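As structure tokens, the structure follows; a few thoughts come after it.
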Amino acid sequence: MPDVPNRSIRICADRGGTFCDVHASYPDPENPDGERKELVVKLLSQDPENYKDAPTEGIRRVLEIVTGQKIPREERLRTDKIDYIRLSTTVATNALLERKGQKHALVITKGFKDLLLIGNQTRPKIFDLNIRRAAPLYSAVLEVEERVTLVGYTSDPQAAEHAVQFDDGGKVTRGYRGPGWDQNVHGETEEPEIVQGLSGEAVQILRRPDEETLKADLGKLREEGYTSIAVVLAHSYTFPDHELFIGKVAKSLGFTHISLSSQLLPMIKMVPRGVSSTADAYLTPILYEYLDGFFAGFDEQLRTGGIDAPRVEFMASDGGLLDLDNFSGLKSILSGPAGGVVGYALTSWDGKEKHPIIGQAATFRLDVGGTSTDVSRYDGRYETVYETTTAGVTIQSPQLDINTVAAGGGSCLTFRNDLFLAGPESAGAEPGPACYRKGGPLAVTDANLMLGRLIPDYFPKIFGKTADQPLDVEASKAGFEKVAREINEAFKSNLSLDEVVYGFIKVANETMARPIRTLTEARGFETSKHILASFGGAGGQHACEIAKQLNIKKILIHRYSSILSAYGLALADRAVEQQEPSAEIFSESSFPRLLGRLNNLTNSVKAALEKQGFSGRRVVFERYLNMRWEGTDTALMALGSSPRGDEDVPKEDFEDAFKKAYKHEFGFLLEGKRIIVDDIKVRGIGKTFDSLGPSVFQELAELKTSKIDHAASKKKETTTSVYFDSVGRVDDTPVYKLPDLEVGDVLRGPAIILDDTQTIVVVPDAEVTVTRNHLYIVLHD
């Protein structure tokens, strides 16, 4: 085999709840200047009897295949052939869901000890008789004698006239002129110490933290075994000095992880800022402990880096790639599904035509994985939310808007209280569904196997104790026969085994369809006007039926749909964000100042991306103002423009963008009220690819098609017996291998299309067109 050049293999690994997917590309040794060759490896996320870490094992297999050299499992992997490794992981998510994070302490302003416990007093289950509040993430609280306060108040009708004035150096040139100011209210006899905060507000320092007291109190925490702390002080979003001081002292005492709320999230609102900081202190040490184990499987240069070393990049919850220094537990909660959103968005969207063929420029993503189903919506821009609740913890951090339900291939199937149930419990990867040969419970995968939608001979043989056995049909059958007897006895019925099994599939499909309705009908969008872009290991087995259930007529399934979260990592862009607090009333007089601050942030982000090798048209900026109506506490991020790095910033109408977003979200405007800017934010995107070529819809417009006759086609691999809704068993359902189908082939359901990592069920009366990278499915009535 010809030698593979150094720094030429690009590897992306997505470690999900059940499977770990690895996508790799490398130069074709026989045609180095041609298209890169691609390779897919799929393995169980947990298989302790065979390997310690799934991504490391997947990368080992890739290196074996590409180099043609045998690499023992216990050997540290050399990285001289690797260009980059990109990872998405659910380690932090699982730690939060299972409450297995790092023991840490909360350091907070004195008098606010119970602030995060009280929270914002929301009552999500107001009619429950036995309400159980989620326990806080921190284990201890240290109150610090420090205090700062703001001079004046933002909602003062004459705030600008009354405000303290500063010169360019931040020195006070005129004191506060408004009512209610008493500099001696706290008993001071000397002039108050007033400084200008980052937001422009005047900050009075009432008490600075005492270093000796602080060292003694933090020292006690160290003696009790604490190595991680979250520091949350009042008004630190605009005056971070005290938090920075505490962080410096804590570092000198040996704390290994220090989450400063002012550095993580310099935003007003102490409660979400505080909870987010405790989440970071809870999750980041666990994440880095996992990453330490990952790096231990490779030679030293992977972690130390350098000019000639391979890059390691991580998928953040907002869909951007980060390096190790900027990756944290707080930014990784949706790391896994975010890669899938990027994958379907960049491979399904037609930016030029905007899908005029369907009448609405929108695509849906249905990611049916092993443990859950993730749903998101894309209409030319990633939909981002800035506050989410996961496992009872409300976190303020940019995340892609992904709705998740506990229904996937590994969701347990049970019959309880005369109900067919699919989830929320999951069989996971260990032991996995019953058919995985490890004594697991019945799951959705078992149901698909029984209905003929999975064919053991064409499914990866990675099961059993030796990880080389096929799916066990008999184990699934025995389990369902037992459940069928219980159901027929309970209902005094005579349902067939197929009818019982399909009943569970219908329940699972309805569970998976629920978040799609949440993202469409609940937000004023017509579900039927969307395209369903399905992926995930189990997505192809459910896509057609879910689309029919929602009256969606068109489906896109990528060739790499079963590993699209990993493939999305290969397409993802680098992201750099910088944000500053503000307290400006939005007006003609304040806009030049806001614009100046935006330009300064843009230049800073631009410089950061240039250091990473991105410049010119490969850089795109998104400039935001976080705006709200005066007297309200609901702020919305208003996007001004998205210029490229070599373009001038166009005239930006933030007010119009804010009002449109507010009207869409709430249905009304608060005309007559002033608009306040809480934050200024710039997001820079370094594009991995300038273009991904023509979209699937442009390809379809010019595609020459050829219909396949099932009876006469030589491309048909075999036939199998499959159960379908309404028509029952179709014993001669044709089976096609995806690699054997050619671009332009058109076939009509019922049919099964499969490759090494996925099985796609084509229901009766559905028509499939094969394109270069997709299967385009149209459902006919």
Side-chain angles (χ1 to χ4, degrees), residues 91-92 94-121 132-148 207-237 240-265 269-290 328-330 332-333 389-397:
V91 170
N94 294 340
L96 185 60
L97 293 172
E98 298 168 8
R99 289 300 178 104
K100 294 180 180 178
Q102 178 71 31
K103 168 186 165 183
H104 71 284
L106 169 66
V107 180
I108 197 165
T109 302
K110 186 173 183 180
F112 291 85
K113 179 179 180 178
D114 297 319
L115 178 70
L116 303 189
L117 191 63
I118 297 168
N120 56 15
Q121 301 187 48
R132 295 185 179 182
R133 180 172 51 192
L137 299 177
Y138 53 86
S139 307
V141 182
L142 169 61
E143 291 186 286
V144 177
E145 290 236 25
E146 70 81 41
R147 195 70 168 93
V148 303
R207 183 190 295 273
R208 292 187 180 273
D210 179 71
E211 184 171 358
E212 294 305 316
T213 304
L214 188 61
K215 281 184 176 180
D217 291 340
L218 289 173
K220 291 177 183 177
L221 289 177
R222 284 291 293 119
E223 291 172 4
E224 294 171 12
Y226 288 92
T227 58
S228 177
I229 59 171
V231 185
V232 185
L233 303 182
H235 304 302
S236 65
Y237 72 95
D241 296 34
H242 290 178
E243 281 195 4
L244 293 170
F245 175 73
I246 292 172
K248 182 179 177 181
V249 173
K251 189 175 181 180
S252 70
L253 293 175
F255 285 90
T256 56
H257 182 78
I258 303 161
S259 295
L260 305 180
S261 72
S262 58
Q263 306 305 299
L264 282 172
L265 203 73
K269 294 186 181 180
M270 192 173 175
V271 171
R273 177 161 51 87
V275 174
S276 300
S277 301
T278 62
D280 186 76
Y282 186 71
L283 300 175
T284 300
I286 299 299
L287 178 66
Y288 274 70
E289 183 180 328
Y290 165 74
S328 68
L330 187 64
S332 71
I333 291 173
T389 300
T390 304
V393 181
T394 300
I395 293 169
Q396 199 169 47
S397 179

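Predicted model, so just to flag it, every value in this text is computed and none were measured.
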Look up atom [atom1] in [X] and atom [atom2] in [Y], then write down how far apart they are to the nearest 0.5 Å.
X	Y	atom1	atom2	answer
L221	T227	CG	OG1	11.0 Å
D280	I258	CG	CD1	11.5 Å
Q263	L244	CD	CG	5.0 Å
K113	I118	NZ	CD1	12.0 Å
S261	K269	OG	NZ	15.0 Å
L330	Q396	CG	CD	10.0 Å

Would you call [X] and [Y] a side-chain contact if the rule is heavy atoms closer than 4.5 Å?
X	Y	answer
I395	L96	yes
I246	L233	yes
L287	S332	yes
F112	M270	yes
L283	I333	yes

Among pairs that include at least one residue of residues 208-217, which meet salt bridge (Lys or Arg N to Asp or Glu O under 4.0 Å), considering only residues two or more places apart or in two chains?
-> E193-R208, E211-K215
Kindly give the heavy-atom pair with the smallest separation between [X] and [Y], and that separation in Å.
X	Y	value
E146	T109	OE2-OG1, 2.5 Å
P209	F245	CG-CD2, 3.8 Å
F255	Y226	CE2-O, 3.5 Å

Under 3.5 Å: donor-acceptor pair, side chain of T284, backbone of G329 = yes
Does the R99 side chain pair with the main chain of L137, one donor and one acceptor, at a distance under 3.5 Å?
-> no
Qualifying residues under side-chain contact (heavy atoms from CB on, under 4.5 Å), relative to P285, sequence neighbours excluded | Q102, S228, H257
For S276 and S397, test the side chains for any donor-to-acceptor distance below 3.5 angstrom and give the result as yes or no.
-> no
Please collect all side chain to side chain donor-acceptor pair (under 3.5 Å) contacts where either partner lies in residues 135-145, sequence neighbours excluded, each pair once.
-> K110-E145
Of L115, T278, V231, the residue whose pairing with L106 passes side-chain contact (heavy atoms from CB on, under 4.5 Å) = T278
Going by the side chain to side chain donor-acceptor pair (under 3.5 Å) test, name the single residue among S259, S277, S262 that passes it with E243.
-> S262
CD/E224: more than 12 non-hydrogen atoms of other groups inside 6.0 Å = yes
